[in-house]
Amino acid sequence: MKKKEFLNQRALIIGGSRGLGEMTAKLLSIGGANVTITYNKGIKDCSLVVDEINSSGGTAEPLKLNILE
């Protein structure tokens, strides 16, 4: 993957606070994408991922989402 491959792209990662979603969010942010990471109950996990991405020069934001509502 090239460093700016996803520059000026936005990505919505459903369940991005851990596991495959976390890795996807981090990879997309390394490529330059602005990522939005959803969580339902895991605000702590989500905040850690968002903070890690933002402190590494990427752009990420959390979004509470309950797909059943």
Side-chain angles (χ1 to χ4, degrees):
M1 180 177 67
K2 297 174 187 159
K3 186 170 184 176
K4 302 289 183 177
E5 190 168 349
F6 303 111
L7 190 63
N8 298 320
Q9 299 293 312
R10 297 180 69 199
L12 175 64
I13 311 298
I14 307 296
S17 60
R18 55 181 183 230
L20 291 175
E22 176 182 359
M23 290 296 111
T24 301
K26 289 178 178 178
L27 286 171
L28 288 168
S29 72
I30 289 170
N34 296 329
V35 296
T36 300
I37 301 170
T38 70
Y39 67 94
N40 183 19
K41 296 179 182 175
I43 183 64
K44 280 185 173 181
D45 292 334
C46 187
S47 293
L48 289 173
V49 174
V50 167
D51 290 345
E52 185 175 349
I53 290 171
N54 289 334
S55 68
S56 298
T59 304
E61 62 181 330
L63 175 67
K64 181 165 177 56
L65 176 68
N66 182 345
I67 62 170
L68 300 176
E69 292 180 354

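Count residues from 1 along the sequence.
- In this structure, the side chain of Ser55 engages the main chain of Glu52 through a donor-acceptor pair within 3.5 Å.
- The shortest non-hydrogen separation linking Lys64 to Asn40 is NZ-O, 2.5 Å.
- Closest non-hydrogen pair, Cys46 versus Pro62, comes out as SG-CB, 3.7 Å.
- Using modelled atom types, one side-chain atom of Asn54 and one backbone atom of Ala60 make a donor-acceptor pair closer than 3.5 Å.
- Using modelled atom types, no side-chain atom of Lys4 and backbone atom of Gly32 make a donor-acceptor pair closer than 3.5 Å.
- Once rounded to the nearest 0.5 Å, the distance linking CG of Leu65 with OH of Tyr39 reads 10.0 Å.
- The CG atom of Asn34 sits 12.5 Å away from the CG atom of Leu12 when rounded to the nearest 0.5 Å.
- Within the model, atoms CZ of Arg10 and OG1 of Thr36 stand 5.5 Å from one another, a figure rounded to the nearest 0.5 Å.
- Side-chain atoms of Thr38 come within 3.5 Å of backbone atoms of Gly15 as a donor-acceptor pair (strictly under, hydrogens ignored).
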- Message: Run Ile13 and Leu28 through side-chain contact (heavy atoms from CB on, under 4.5 Å) and show every step you take.
- Response: CA-CA 10 Å; Ile13 311 298; Leu28 288 168; 3.6 Å; yes
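- Here the straight-line distance linking atom CZ of Arg18 with atom CG of Leu48 works out to 12.0 Å at 0.5 Å rounding.
- Surrounding NZ of Lys41 are at most 12 heavy atoms belonging to other residues, nucleotides or ligands under 6.0 Å away.
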- Item | side-chain contact (heavy atoms from CB on, under 4.5 Å) evaluation trace for Ile14 with Ile37 | CA-CA 6 Å; Ile14 307 296; Ile37 301 170; over 6 Å; no
